[in-house]
Amino acid sequence: MVGAEILVFLLVAVALLAGFGLRYDVPYPIVLVLGGLALGFAPWLPAPDLDPDVVFFAFLPPLLYAAAFQASAYELRAYALPISLLAVGLVLVTLVAVAAAAHWVADVPWEMAFVLGAVVAPTDPVAATAVLRRVGAPARIQTILEGESLVNDGTGLTAYGVALGAVGAAGLSVAGVALDFVTTAAGGIAIGLVVGWVVGRLRQATQEPSIDVVLSVLTPFAAYVPAEKIHVSGVLAVVTAGVYIGTRSLELSQAGARLRTLAFWQASEFLLQSLLFLLVGLQLTNLVEGIEDARLLTLAGYGLALALVVIGVRLVWMSVVPAVSHLRMVSREPTPPRERIVLGWSGMRGAVSLAAALAIPADAPARELVILLAYVVVLLTLVVPGLTLAPLLNRLGLVRDEERRREEVEARLRLTHAALEKLDSMDEHEVVEPLRDRYRNRIERLKDRLDAAGGHPDHNIDAAEAQIAALEAERDVLAELRREREFPAELLRELEAEIDVDEARVRSRGR
C-alpha cells in the first residue's frame with residue numbers, strides 16, 4: 001500500500017472501531033488502542049514511515065489547542081489548587097519514578113529514561129470523562145481531570161523538551177536543568193499570550209465564520225513555530241493561546257462562527273487522536289524488530305511494570321497528598337475520600353503521550369524501546385481503568401444522574417427568567433409580547449421537567465421517545481418532499497437540520 005491508500009484504510013478503520021465502541025457503550029480510545037494493537041500484528045499491512053518532526057508538528061499543536069480552546073479559565077482558576085498539585089507535583093513525581101523504574105528494570109539509559117518519564121507523565125481525560133458523563137458522576141471530578149490534563153500537558157511536554165535536549169549532553173546539573181525548565185516555560189507562556197492577543201484582534205476585525213475557522217486553525221501553529229525557533233516551550237505557547245482565545249470567544253466572534261469553529265475542533269481532535277492510536281499500532285512490528293535481543297513477553301513485562309508504577313504513584317499521591325496539604329474544593333470542604341479514589345483511578349494516558357513518543361528523534365539511543373514501553377503504558381492505563389471506572393463509580397455511590405438533570409433544568413430556568421425580566425423592561429409591546437409568551441411557555445415546560453426529575457424519571461424517557469417518534473414522522477414527510485421535487489433542495493436541507501437539532505436536544509434531555 002502507498003501512503004494515500006494507508007490513510008484511507010485508517011480512516012475506514014477509525015469509523016468502524018469508533019462505531020463499535022458507540023454501539024457497545026465503550027469509550028472510543030479504548031476500542032482504538034486495542035484495534036491499533038490488532039492491526040500492528042497484521043502481516044499484510046505495512047507500517048508507514050513517520051518523520052518524528054512531522055509527527056510532532058502535525059499532531060501535537062492542534063491536539064493541545066483543541067483541548068485548551070474548549071477549557072474554561074474560570075473553572076481552572078476555581079480548582080487551581082487540586083489541578084496544580086496533580087498537573088505539576090504529580091507529573092514531576094511520576095516522571096522521576098518512571099525514569100528510575102525504566103533504568104533499573106528495562107536497562108534504559110538515564111537520559112532516555114527521563115524522556116520516557118516525561119512522555120507518560122501527562123494524563124488524557126477523554127476515556128475517563130466519557131465514562132463520567134455517561135453515569136452522571138460529580139461534575140467537579142470531570143472538571144479537575146480535564147484541567148489537570150490541560151496543564152500537565154504543558155508540564156510534561158516542557159520537561160520532555162528539556163530531557164531530549166539533555167540526551168548526549170555532558171556536565172548537566174540539577175540547578176541548570178531546573179533553570180532551563182523555568183525559562184523555557186515562561187518564554188512559551190509569553191509567546192502564547194502575544195499570539196492569542198493578535199489572533200483575537202484579527203478575529204474581531206473579520207467577523208466572517210469561514211475566515212474565523214481558518215484563523216483558528218492557524219493559531220496553534222502561529223504559537224508553536226516561533227516558540228520553538230527561539231527554544232522556548234511551543235507546547236505551553238499553544239496551550240496559553242488556546243485558553244486565551246477560548247476564554248474570550250464571546251467577544252471575538254459571533255454565534256454562528258463559534259458553533260462552526262467548535263464543531264471543527266471537536267471533529268479534528270477525535271480524528272487526530274484516532275489516527276495516532278492506529279499509527280502507533282502499525283509501528284509495533286518495526287519497533288520490536290529494532291530492539292536487540294527483543295523478546296515479546298519480556299518487553300510486555302517491562303511495560304506492565306512501568307504501568308503499575310504509573311498507576312501506583314497516582315493512587316498513593318491521591319491517598320497521601322490531599323490529606324497532608326488539606327486539599328479543598330471551591331466549597332471549602334475537604335475532598336471526599338470516594339472522589340479521591342476515582343481521581344486516583346482515572347489517570348489514563350492517551351494520544352498526546354503517543355505523539356510525543358513518536359516524535360523522539362530517529363538517532364536517539366533506545367528509541368524503539370522507549371516508544372514500545374510508552375505504548376504498553378498507554379494501552380494498560382487506558383483499558384484497565386477505562387473498563388472498570390463505571391463499576392467503581394457505582395460501587396462508591398457517586399452516580400448522580402437525576403441530580404445532574406435537576407441542575408441542568410435549574411440552570412435553564414435561571415437563564416430563561418433573566419431573559420424574561422429583560423423583555424419585561426422593554427416598552428415595545430407589539431414586538432416584545434410574543435417573545436414574552438415564548439419565554440413564559442419555556443418556564444412552564446422547565447418546571448414540569450423539574451417536577452419530573454424529582455420523582456418520575458421514566459416519564460422523561462417516555463416523553464423523549466414519543467417526541468423522537470414524532471420527529472421520525474417529520475423525516476418521512478421530508479423524504480416524500482424530496483422525491484416529489486416540488487421544493488428547493490436548500491430549503492429541505494434547512495428543515496432536515498432543524499429536525500436534527502430538535503432530536504439532539506430531545507435525546508440529551510431524555511437520556
Side-chain angles (χ1 to χ4, degrees), residues 1 4-48 59 63 66-67 123-137 142 145 149 263-285 300 303 307 345-355 358 374-394 399 401 464-465 468 472 500 503-504 507-508 510-511:
M1 285 187 182
E5 292 173 330
I6 293 177
L7 178 60
V8 172
F9 174 82
L10 291 179
L11 291 175
V12 173
V14 166
L16 293 176
L17 290 170
F20 178 87
L22 181 64
R23 173 67 177 81
Y24 293 99
D25 204 21
V26 179
Y28 76 85
I30 297 175
V31 179
L32 287 165
V33 75
L34 292 175
L37 178 63
L39 290 176
F41 292 99
W44 48 270
L45 190 61
F59 284 91
L63 276 175
T123 58
D124 187 332
V126 173
T129 54
V131 174
L132 294 173
R133 289 193 193 102
R134 189 174 72 243
V135 301
Q142 178 180 324
L145 287 174
S149 174
F264 169 84
W265 280 112
Q266 289 173 339
S268 300
E269 183 180 25
F270 165 75
L271 184 59
L272 290 173
Q273 288 179 340
S274 303
L275 287 175
L276 271 174
F277 285 123
L278 299 186
L279 284 172
V280 176
L282 292 180
Q283 304 293 315
L284 285 179
T285 303
W345 194 239
S346 299
M348 291 86 159
R349 271 60 181 174
V352 170
S353 294
L354 296 180
L358 287 176
Y375 180 78
V376 176
V377 171
V378 170
L379 174 69
L380 294 177
T381 58
L382 259 180
V383 174
V384 178
L387 294 178
T388 56
L389 187 56
L392 177 64
L393 287 163
N394 279 290
V399 177
D401 193 52
E465 291 176 350
I468 288 172
E472 290 297 336
D500 290 341
E503 181 176 347
R507 289 188 183 278
S508 175
R511 188 172 48 241

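For this chain, numbers begin at 1 and follow the sequence in order. Because the structure is a prediction, the values reported are computed rather than measured.
Residue pairs meeting the side chain to side chain donor-acceptor pair (under 3.5 Å) criterion with at least one partner in residues 26-41, sequence neighbours excluded, are Tyr28-Gln273. For the side chain to side chain donor-acceptor pair (under 3.5 Å) condition, no pair includes a residue of residues 377-387, sequence neighbours left out. Counting only residues at least two apart or on different chains, no salt bridge (Lys or Arg N to Asp or Glu O under 4.0 Å) pair has a member in residues 384-394. Annotation: salt bridge (Lys or Arg N to Asp or Glu O under 4.0 Å) contacts involving residues 9-33, sequence neighbours excluded, comprise Asp25-Arg134. Residue pairs meeting the salt bridge (Lys or Arg N to Asp or Glu O under 4.0 Å) criterion with at least one partner in residues 8-18, sequence neighbours excluded, are absent. Residues in residues 264-277 take part in no salt bridge (Lys or Arg N to Asp or Glu O under 4.0 Å) pair, two or more places apart or across chains.
Residues satisfying the ring-ring contact (aromatic ring centres under 6.0 Å, His included) criterion with Phe264, sequence neighbours excluded, are absent altogether. Leu37 meets the side-chain contact (heavy atoms from CB on, under 4.5 Å) test with Phe41, Leu284, Tyr375, Leu379; sequence neighbours excluded. Residues passing the side-chain contact (heavy atoms from CB on, under 4.5 Å) test with Leu387 are Val26, Ile30, Val383, sequence neighbours excluded. Listed by chain and number, the residues in a side chain to side chain donor-acceptor pair (under 3.5 Å) with Thr388 are Trp345 (sequence neighbours excluded). Residues passing the side-chain contact (heavy atoms from CB on, under 4.5 Å) test with Leu10 are Ile6, Leu275, Leu278, Leu279, Leu282, sequence neighbours excluded. Scored by the side-chain contact (heavy atoms from CB on, under 4.5 Å) test, Ala355 finds Phe59, Leu60, Leu276 as partners (sequence neighbours excluded).
Here the side chains of Leu358 and Val280 are in contact, with some heavy-atom distance below 4.5 Å. Annotation: side chain of Leu389 is in contact with side chain of Ser346 (closest heavy-atom distance under 4.5 Å).
Pairing each heavy atom of Asp124 with each of Ser149, the nearest pair is CA-OG, 3.9 Å. The shortest heavy-atom contact between Leu32 and Ser274 is CD1-OG, 3.2 Å. Minimum heavy-atom separation, Leu63 to Ala351: CD1-CB, 4.3 Å. The two residues Ser353 and Val378 have their closest heavy-atom pair at CB-CG2, 4.0 Å.
Separation of atoms CZ (Phe20) and CG (Leu34) is listed at 9.5 Å; rounding is to 0.5 Å. Expressed to the nearest 0.5 Å, how far CZ of Phe277 lies from CG of Leu272 amounts to 11.5 Å. Remark: Arg349 CZ to Thr123 OG1 distance equals 6.0 Å, nearest 0.5 Å. Taking CG of Leu11 as the start and CG of Leu271 as the end, the distance is 6.0 Å to the nearest 0.5 Å.
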